Amino acid sequence: LMSRNLDLYFIDINNSIKESMIKIKKNGTRTLLVVKKNRYLLGTLSEGDIHSALIKDYSLNSSIKSIYNKTPKKISSESFNSNRIRKVFLDKQIGIIPVVDKRNFVKKIISWEDVFGSKKNHSELSKIEVIIMAGGKGERLKPYTSVLPKPLVPINNKPMLEHIISNFKFFNLQNFHLVLNHQANLIKTYFNNSKENYKINFVTEPKPLGTVGGIKLVKKIKSNNFFLSNCDTLFKIDYIQLYNHHEANDNFLTIVVSKVHHEFSYGFCKVKKKRLISIKEKPKLDFIANTGFYVMKKEILRLIPKNKKFDLTDLINKCLDLKKKIGVYEISSNSWTDLGKLSDFSKAFKDFN
């Protein structure tokens with residue numbers, strides 16, 4: 001682990017929001033540990049906790065007493081396991097995890113960079129560009145989307161699209177292209193006014209161009225490969241491993257897939273000439289689902305027609321016809337959440353608390 005000045009990560013319960021903001025900026029992990037004397041752990045305070053408090057009209061001089069997280073993620077010195085730590089970081093998308101002894105005193109701090117390498121080590125990912133398809137109407141999320149475009153529907157005071165961009169930024173990805181259509185100006189206005197340091201290139205479709213037709217309008221892709229994501233699926237995965245898998249296998253296209261278990265809600269009837277032949281009670285089905293997240297070689301853009309409705313299935317079929325190498329990268333079913341489905345959407349509210 002890196003040697004570090006631990007005091008930069010600690011804050012006292014009586015300190016103000018303003019003081020905590022200054023410390024967070026200095027330590028660069030978006031998080032502080034709230035401690036009593038001798039580093040006894042009380043909880044954590046993240047940038048998200050501060051944003052929520054300011055939205056609720058707390059003043060900068062308010063103490064952090066009532067806004068910090070009192071049930072922090074922590075690891076005991078005894079159960080120190082690097083795989084488990086990696087999983088906690090990915091699942092919770094947090095900046096630091098304290099390691100405590102039996103009496104709950106902080107012994108050391110593990111940061112995201114300790115586990116995934118420093119941003120300097122991942123400068124190759126910082127050059128990889130990300131295209132996010134954010135033009136859909138969000139029919140599955142009505143009534144929320146009757147008011148807001150789907151990418152701006154909030155989860156815990158932060159638009160879902162911003163959660164998705166933050167996940168990429170954890171791995172030092174910083175060049176984003178947003179392909180917009182429905183309520184494009186509203187989305188542009190939000191991100192142009194955001195205080196976050198995003199490099200975003202906005203592209204607006206002149207008409208709906210399907211699930212992938214709009215990426216033909218992105219003119220500035222410099223990286224040899226790029227990530228393509230939709231705007232309503234959250235992933236808790238290691239983007240470095242995914243990218244390395246794509247490169248090592250020299251794939252033209254890598255599709256992120258996941259095993260899905262589906263149970264039909266109804267008995268399944270087989271009928272012939274209006275007579276029942278058989279009935280099966282709520283059949284179960286296991287299949288491998290396309291999660292809607294890809295790594296692609298830049299050359300794939302040549303296969304997309306201009307200004308024409310074109311879906312991802314059309315693009316994948318075209319790659320298959322041309323015998324291009326398509327690989328899959330399988331992730332577990334609990335490492336992605338489809339926010340376009342109301343059931344997963346409400347689950348995400350709990351996950352991101």
Side-chain angles (χ1 to χ4, degrees), residues 127-141 144-145 148-153 158-169 171 173-194 196 198-235 239 242-243 246 252-256 290-319 336 338-340:
K127 295 183 178 69
I128 309 304
E129 295 176 53
V130 180
I131 301 179
I132 301 174
M133 304 303 290
K137 286 189 176 172
E139 299 289 351
R140 296 183 299 163
L141 269 186
Y144 299 102
T145 45
L148 282 170
K150 180 172 63 173
L152 295 187
V153 171
K158 191 160 119 179
M160 64 166 83
L161 180 52
E162 205 169 342
H163 281 290
I164 287 163
I165 290 175
S166 295
N167 279 10
F168 280 115
K169 286 199 75 171
F171 287 97
L173 289 142
Q174 27 193 283
N175 295 302
F176 300 97
H177 303 271
L178 295 191
V179 179
L180 308 174
N181 184 314
H182 180 63
Q183 290 188 301
N185 286 339
L186 209 52
I187 298 167
K188 268 190 207 175
T189 303
Y190 176 83
F191 281 97
N192 284 335
N193 291 329
S194 167
E196 298 289 342
Y198 302 136
K199 285 184 206 156
I200 296 183
N201 168 39
F202 298 100
V203 170
T204 306
E205 296 177 338
K207 59 181 182 186
L209 295 172
T211 50
V212 80
I215 72 173
K216 190 73 170 181
L217 302 164
V218 179
K219 293 278 182 273
K220 303 172 187 169
I221 294 184
K222 294 188 183 77
S223 56
N224 293 329
N225 297 282
F226 62 90
F227 287 98
L228 177 68
S229 167
N230 59 32
C231 71
D232 56 10
T233 312
L234 276 172
F235 291 90
Y239 292 124
L242 163 60
Y243 186 78
H246 171 79
F252 190 71
L253 163 63
T254 300
I255 304 175
V256 178
N290 174 5
T291 64
F293 186 32
Y294 313 86
V295 192
M296 300 179 168
K297 278 199 171 161
K298 185 164 67 171
E299 290 77 47
I300 206 164
L301 295 170
R302 294 182 197 146
L303 306 183
I304 299 170
K306 251 189 192 152
N307 215 18
K308 207 172 139 190
K309 187 175 181 297
F310 200 66
D311 286 329
L312 260 155
T313 42
D314 302 323
L315 180 61
I316 292 166
N317 284 325
K318 205 166 180 181
C319 290
W336 64 295
D338 179 2
L339 297 171

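These numbers come from a predicted model, not from an experiment.
Closest non-hydrogen pair, G292 versus Y294, comes out as C-CE1, 3.5 Å. Heavy atoms only, all atoms of each residue included: N225 and K297 are closest at OD1-CG, 3.3 Å. Taking every heavy atom of both residues into account, V212 and M133 meet most closely at CA-CE, 4.1 Å. Pairing each heavy atom of L217 with each of E205, the nearest pair is CD1-CA, 3.8 Å. Taking both residues in full, the closest heavy atoms of L253 and M296 are given as CD1-CG, 3.6 Å, listed atom of the first, atom of the second, then distance. Taking each heavy atom of I300 and C319 in turn, the nearest pair found is CD1-SG, 3.8 Å.
The structure places CD1 of I131 at 12.0 Å from CZ of F176, a figure rounded to the nearest 0.5 Å. Atoms NZ and NZ, from K306 and K216 in turn, are 6.5 Å apart once rounded to the nearest 0.5 Å. Here the straight-line distance linking atom CG of L173 with atom NZ of K127 works out to 12.0 Å at 0.5 Å rounding. Rounded to the nearest 0.5 angstrom, L303 CG and F310 CZ are separated by 7.5 Å. Atom CD1 in I255 sits 9.0 Å away from atom OG1 in T291 (nearest 0.5 Å). Considering CZ of F168 and NE2 of H163, their distance stands at 14.5 Å, rounded to 0.5 Å.
Side chain of E129 to backbone of K222: a donor-acceptor contact under 3.5 angstrom is found. A donor-acceptor distance shorter than 3.5 angstrom exists from the side chain of D314 to the backbone of D311, with no hydrogens or angles considered.
Counting non-hydrogen atoms of neighbouring residues, nucleotides and ligands closer than 6.0 angstrom, the NZ atom of K219 exceeds 12 such neighbours. Within a 6.0 Å radius of NZ in K298, other residues, nucleotides and ligands contribute more than 12 heavy atoms.
Residues V130 and N175 have side chains not in contact (no heavy-atom distance under 4.5 Å, counting atoms from C-beta outward). Side-chain contact check for I165 versus I132: some heavy-atom pair is nearer than 4.5 Å. Contact of the N307 side chain with the K207 side chain is registered, since non-hydrogen atoms from C-beta on lie closer than 4.5 Å.
Partner of L312 under the side chain to side chain contact (heavy atoms under 4.5 Å, CB included) criterion, chosen from L228, I215, N290: L228.
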**Study point:** Residue pair F293, T233: steps toward the side-chain contact (heavy atoms from CB on, under 4.5 Å) verdict
**Key:** CA-CA 8 Å; F293 186 32; T233 312; over 6 Å; no

Exercise for review: Evaluate the criterion side-chain contact (heavy atoms from CB on, under 4.5 Å) for residue pair L161 and L178; output intermediate values, then yes/no.
Suggested key: CA-CA 10 Å; L161 180 52; L178 295 191; 3.8 Å; yes

Point to revise | Verdict with reasoning, L242 to F227, per side-chain contact (heavy atoms from CB on, under 4.5 Å) | key: CA-CA 10 Å; L242 163 60; F227 287 98; 3.8 Å; yes

Practice item. I would like to know whether Y239 and N167 meet side-chain contact (heavy atoms from CB on, under 4.5 Å); could you show each step before the answer? Key: CA-CA 9 Å; Y239 292 124; N167 279 10; 3.7 Å; yes

